[in-house]
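Encoded as structure tokens, the structure appears first; notes follow it.
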There are 2 protein chains.
Amino acid sequence: MSVTRVTIKDVARSAGVSIATVSNVLNGTGRVSADTVRTVRRAIQELKYSPSQAARNLKDKKSRLIAVIVPLLHKGFLHDNPFYWQLVGGIEEGARAHRLHIMLVGADSEESYSFVKERHLDGLIVIGAFEGSEALERIVQWGVPSVFVDSYLADPNVYQILSDDEKGGYLGTKHLIDLGHRNIALLTGEIEPNGVHEARFLGYRRALKEAGIGYRPAWAVEEPPTMEGGARSVPRILALQGVSAVFATSDVAAMGLLSGLSERGLSVPRDLSVAGFDDLPYSRFATPPLTTVAQDIGLKGREAVRLLQAHMDNKEPPYRRKLIPVELKARQSTRFLEEGEGEPVDANEIRKGGDG
Amino acid sequence: MSVTRVTIKDVARSAGVSIATVSNVLNGTGRVSADTVRTVRRAIQELKYSPSQAARNLKDKKSRLIAVIVPLLHKGFLHDNPFYWQLVGGIEEGARAHRLHIMLVGADSEESYSFVKERHLDGLIVIGAFEGSEALERIVQWGVPSVFVDSYLADPNVYQILSDDEKGGYLGTKHLIDLGHRNIALLTGEIEPNGVHEARFLGYRRALKEAGIGYRPAWAVEEPPTMEGGARSVPRILALQGVSAVFATSDVAAMGLLSGLSERGLSVPRDLSVAGFDDLPYSRFATPPLTTVAQDIGLKGREAVRLLQAHMDNKEPPYRRKLIPVELKARQSTRFLEEGEGEPVDANEIRKGGDG
DNA sequence: CTGAAAGCGCTTACAG
DNA sequence: CTGAAAGCGCTTACAG
């Protein structure tokens, strides 16, 4: 039970050298004769010694530990969007490659972040922070190396990894327009200034404008980017006269929508075309397989670590803000709108339909 | 950039006391006059001091850091089952309640776990370990407080959190039997001795036996518990003469199956009843909403932390092995089999069917 | 090439 | 009630 730790002293004694020498062979520092190196190495092997990070931290003020800050949806609960798991998976992978460990912390707006100093964390990856939040201020002010993912911060000095959200919004909408749709609803998370959803919303508007389609505010339906939110949006969407397609700014919302529509006996894409955003592993297994704007979430995580590492090394990286490319994946949840199918869905008519 | 750290010395100087006194008020140890406490507290506030965990670790050999070990599916990639995100979410929540931080590490069979000693980790939560694995031996041997989740280890001294998998297997199968099905396939992950899937498999067999239905080995279809695995199982399932229902030992496999069936123009539950296991947040939004054996995954995570904390405190907890209850959630992916519907699915007939 | 010593920031007996 | 000192396990100048 009580782990009698093997320390550098034990190794020194066993090898018949000083602890400074052991430290030197451990770190490849100083000048040490090949013979001594060998002896020390052997002692290390025999004693199964591995140096205490805790002691090193104290000396170096380096922990080789970074924190990954994930937003808490409601108090005490990690956001249940599998997107985060994908992203954290990518970060974990990147961290492993850089010989870093990650501390996962779910944080709400009241988080003090005192652990950053207390644990001598080398860096931070913050997911979905918002401009002007107190926490953010604090972090930037401390000067702890940080990378913000999906955060849209105006400060040009801040390191950021984002998806090309505006383009994604454009591509998704354009795809529907190309299929002949003109009455396209947007199902989006709250459009906060400088947020991910705003960027996607802007892409939606650009595609609309380019096609000469007027933008109607009521057609941007805001619901939480969750399956519940998507399911709940159904009545609001069906209330839109003539709607033939919906572009959702997240796959989870799109899937909730799929579910809500199916519950009402509506068929996708027959009655309504639906496109999403993210390309979660799920999405191609949805019924029907979901057309979506794909981003490489794992890559996003790995890039975040890469950027952070450069920052921690004080190497000026080639960029401060990196955009992860997006691409449209057309699957079976969207369809070509035939001539004269202007208003395929009539909410009243639907209510008479089957109940699944 | 260079963070000049505020140390206990600064506080001591500012408060006009010794560092020992500061330490005592910090930890509520020793005897300190109310006056002194006040002075010191004020100095702490003013200087925004927070003690260095790194230094504490070195003294105490306590880090208030636990590792969560998640299996790597293929080299370098965290298992993409959202189940893990749910579980880790529960663990994070529990850890926060116990003022612990969690280090997330994806580990394959070659992991040395040297970080456990190096970082003075207080404890480990290991997900999905297998009996006899080297890593496991090492961990148990070191005596680092550990809790194993979903691992089925024979050693009665090991702390474990499991779902009541055998019962879940029984309940899922029984549900199908109660609906009139007799030709029930099992879609399962590899049945390894003492594994989660084996327990569910055993429950399946118990229900069969109880109903006087013979067990046919070919009807236990093994595929990886992933959406891909579920989708891929379709031909094997359809080859089973007279199959009218499938019980999948994971929701992800069930959803892959749903997808694969839909692709072939088969309808669930009309052509085939499908039940899953886990009750992922997604499952009730599947098309059709998935009947499944529910377990409270978040609770599982929180319980793991609770057990670990008891273990770390050397308090003998009320149990070493805790079973999380399971319960059947009947939704729309399973249906009552009418009289004379003995063999509703004929593989050959299906192939002629619509293609969606 | 090698070692003695200081110091990282704490906590913990031990005196007083 | 309070403080001086040792020590946790390392690394890093600095001598030699």
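We name chains A, B, ... by the order of the sequence lines, and we start the count at 1 in each one.
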Among [options], the nucleotide that comes nearest once only the side chain of [X] is considered:
X: B:Thr36; options: D:dT2, D:dT11, C:dT11; answer: D:dT2
X: A:Pro51; options: D:dT2, D:dC10, C:dC8; answer: D:dC10
X: A:Ala20; options: D:dA6, C:dG3, C:dT2; answer: C:dG3

Subject >> Whether A:Ser63 side chain and A:His120 backbone form a donor-acceptor pair below 3.5 Å >> reply: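 Yes; at least one donor-acceptor contact below 3.5 Å.
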Rounded to the Å, how far apart are [X] [atom1] and [N] [atom2]?
X: B:Lys62; N: D:dC8; atom1: NZ; atom2: P; value: 16 Å
X: B:Lys59; N: C:dT11; atom1: NZ; atom2: C1'; value: 5 Å
X: A:Ile19; N: D:dT12; atom1: CD1; atom2: P; value: 13 Å
X: B:Asn27; N: C:dG9; atom1: CG; atom2: P; value: 17 Å
X: B:Ile8; N: C:dT11; atom1: CD1; atom2: P; value: 5 Å
X: A:Asn57; N: D:dT12; atom1: CG; atom2: C1'; value: 16 Å
X: A:Gln53; N: D:dG9; atom1: CD; atom2: C1'; value: 12 Å
X: A:Asp10; N: D:dC10; atom1: CG; atom2: P; value: 9 Å

**OP:** Hey, which sits more toward the 5' end of DNA chain D by its nearest nucleotide, A:Lys9 or A:Asn24?
**Re:**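 Looking at the nearest nucleotide for each, A:Lys9 comes out on the 5' side.
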Any [X] side-chain N or O less than 4.0 Å from OP1/OP2 of [N]:
X: A:Thr7; N: D:dC8; result: no
X: B:Lys61; N: D:dG9; result: yes
X: B:Arg56; N: C:dG9; result: no
X: B:Thr21; N: D:dG3; result: yes
X: B:Ser18; N: D:dG3; result: yes

Is a donor from one side chain sitting under 3.5 angstrom from an acceptor on the other, for [X] and [Y]?
X: B:Asn27; Y: B:Arg56; value: yes
X: A:Lys300; Y: A:Gln295; value: yes
X: B:Arg64; Y: B:His101; value: no
X: A:Thr39; Y: A:Thr36; value: no

Categorize [X] for me: base, sugar-phosphate, or nothing, with a 4.0 angstrom heavy-atom threshold over every strand shown.
X: B:Asp60; result: sugar-phosphate
X: B:Ser23; result: base
X: B:Thr29; result: nothing

**OP:** Measure the spacing between CD of A:Gln160 and CZ of A:Phe148 and express it to the nearest 0.5 Å.
**Re:** 8.0 Å
Original post:
If you round to the nearest 0.5 Å, how far is CZ of B:Arg321 from CG of B:Asn157?
Top reply: 12.0 Å
Subject >> Runs of at least three consecutive pairs that involve DNA chain D, where pairs are Watson-Crick or G-U with distances under 3.5 Å >> reply: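 Paired runs of 3+ in DNA chain D: C:1-3 with D:14-16, C:5-12 with D:5-12, C:14-16 with D:1-3.
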Original post:
Would A:Glu93 and A:Arg96 pass as an ion pair if we require N to O under 4.0 Å?
Top reply: no
